Amino acid sequence: MSLSNSSVNTRPAVQPFVGGLAVVLGMFLAVPETASSQGFGNQTAAGGANEITSFSGKLVSSRGVILTIEREDGTEVMVQTPDSVSQLTFIAKALPAYLRPGMLVRFKANLGPAGTPTEPVSKLELFAPVNAKLLKGRERENYQPGVHPSKPPQRGNAGPPTGPVTVVGNLMALNPQGGVALRAGNIPVQTMTSPDLELQIRVNNLSLAQPGDTVQVRGFYQPPDETKVKAESIQITTDRVYGETPPPTERRSRRGKRGDRDKDQAAETEETDAGEADSEEGRSLGIPDPESE
């Protein structure tokens with residue numbers, strides 16, 4: 001359970017993950033700044049200052065850095081994504097079946113004098129990598145593998161970190177008894193999780209967002225046009241649970257009509273294509289394909 005630099009043998013305490021991974025690093029289409037910023041509150045309006053706005057709605061579509069969102073009153077609003085990549089967030093719930101070794105995770109813990117957590121971890125966040133050049137200051141600590149103290153260590157303190165820390169690393173395993181192992185940079189980490197562990201996907205791109213997802217926007221616009229907003233922050237949430245196993249498709253009798261059999265074959269083809277797509281998404285994060293191991 002130590003977070004020190006000592007070597008930890010994780011094999012006796014943990015078991016390999018099973019399941020798929022579908023987090024993808026989303027890529028925004030390049031949009032010229034002069035074209036994308038016109039009318040989105042990036043410049044002072046001719047008649048006065050920009051107006052602040054905050055609203056909720058449903059995602060309609062996205063293209064490049066522009067999202068179309070239907071507000072609760074039915075009005076469609078074009079929203080330009082925030083300048084800071086960390087201020088665009090997609091959040092969803094996940095189950096253990098969604099996890100795979102090698103994916104990036106982070107959690108917060110409080111370490112005692114010996115450098116061990118004082119209580120089990122209650123929440124694991126699953127995230128996609130972000131270009132560190134797009135982050136500022138201590139934002140980078142949420143994405144760079146390592147054990148990051150909330151307060152800078154005192155001079156001359158060569159011991160393990162203590163107090164509140166953020167642990168970021170590549171997942172190695174999570175066993176049924178609640179033991180979690182990951183490699184935080186060059187530090188092997190092994191600790192326990194609580195029985196009601198929360199797994200949360202938290203990615204800073206639109207790769208998992210779908211039309212109909214709930215969107216919360218905070219930003220500003222050039223009056224009087226409220227339908228073009230430059231966002232300071234965008235948060236997208238969904239009721240989809242990643243890793244949930246859908247109910248098995250009811251198979252029709254071989255004695256059914258030929259049209260029914262054709263539908264069954266089409267459904268099986270779609271399931272196969274979906275599985276292959278998940279595999280491609282996993283490889284895009286550098287996670288090995290089980291078939292190639």
Side-chain angles (χ1 to χ4, degrees), residues 14-28 56 58-62 67 69 85-108 121-130 142-143 145 167-176 178-182 193-216 234-249 267-268 270-291 293:
V14 294
Q15 296 178 358
F17 277 104
V18 294
L21 176 69
V23 176
V24 197
L25 179 60
M27 299 294 292
F28 292 135
S56 298
K58 298 293 183 181
L59 179 64
V60 176
S61 63
S62 63
L67 282 68
I69 300 169
V85 65
S86 65
Q87 294 301 308
L88 170 65
T89 312
F90 173 88
I91 301 174
K93 182 180 179 180
L95 299 178
Y98 183 73
L99 304 178
R100 234 177 168 180
M103 70 182 302
L104 288 165
V105 299
R106 60 176 167 243
F107 64 83
K108 296 186 181 298
V121 174
S122 60
K123 180 180 179 180
L124 286 179
E125 291 184 354
L126 325 173
F127 67 97
V130 169
N142 284 326
Y143 302 89
V167 181
V168 181
N170 295 96
L171 190 63
M172 297 172 65
L174 175 68
N175 66 19
V180 62
L182 64 149
T193 61
S194 62
D196 56 349
L197 174 67
E198 178 186 358
L199 295 176
Q200 184 185 80
I201 296 173
R202 195 176 185 92
V203 295
N204 303 106
N205 57 64
L206 300 173
S207 60
L208 298 178
Q210 296 181 13
D213 288 345
T214 299
V215 186
Q216 293 181 329
I234 296 176
Q235 180 174 288
I236 304 173
T237 57
T238 180
D239 56 3
R240 294 187 299 280
V241 179
Y242 289 81
E244 230 176 19
T245 303
T249 304
E268 291 173 357
E270 290 178 359
E271 292 173 0
T272 301
D273 292 343
E276 293 175 352
D278 288 346
S279 179
E280 290 296 331
E281 290 171 344
R283 284 197 292 272
S284 71
L285 283 182
I287 296 172
D289 189 338
E291 295 181 358
E293 294 178 349

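The model shown is predicted, which means the values in this text are computed figures rather than measured ones.
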In Å and rounded to the nearest 0.5 Å, what is the [atom1] to [atom2] distance from [X] to [Y]?
X      : Y      : atom1 : atom2 : answer
Ile69  : Leu59  : CD1   : CG    : 6.5 Å
Thr238 : Phe90  : OG1   : CZ    : 5.5 Å
Leu208 : Tyr242 : CG    : OH    : 4.5 Å
Ile201 : Thr89  : CD1   : OG1   : 13.5 Å
Leu124 : Leu182 : CG    : CG    : 8.5 Å
Phe107 : Thr193 : CZ    : OG1   : 10.0 Å

In short, salt bridge (Lys or Arg N to Asp or Glu O under 4.0 Å) pairs touching residues 193-214 with sequence neighbours left out are Asp213-Arg240

For Lys123, the salt bridge (Lys or Arg N to Asp or Glu O under 4.0 Å) test, sequence neighbours excluded, returns Glu125

- Determine, stepwise, if the pair Lys58 / Thr214 fulfils side chain to side chain contact (heavy atoms under 4.5 Å, CB included). CA-CA 5 Å; Lys58 298 293 183 181; Thr214 299; 2.9 Å; yes

Show the nearest heavy-atom pair for residues [X] and [Y], with the distance to one decimal.
X      : Y      : value
Pro145 : Gly169 : CB-CA, 4.3 Å
Ser194 : Ser122 : OG-CA, 3.4 Å
Gly243 : Ala97  : O-CB, 3.7 Å

Sub-4.5 Å side-chain heavy-atom contact between Asn142 and Phe127: no

| Val85 side chain near Asn205 side chain, heavy-atom distance below 4.5 Å | no

For Ser86, the side chain to side chain donor-acceptor pair (under 3.5 Å) test, sequence neighbours excluded, returns Ser84, Glu139

Sorted by chain and residue number, the side chain to side chain donor-acceptor pair (under 3.5 Å) partners of Gln87 (sequence neighbours excluded) come out as none

Quiz item: Counting only N and O atoms by type, is there a donor-acceptor contact under 3.5 Å from the side chain of Ser56 to the main-chain atoms of Gln216?
Solution: no

Contacts of Ser62 meeting side chain to side chain contact (heavy atoms under 4.5 Å, CB included) (sequence neighbours excluded), chain-then-number -> Leu67, Leu206

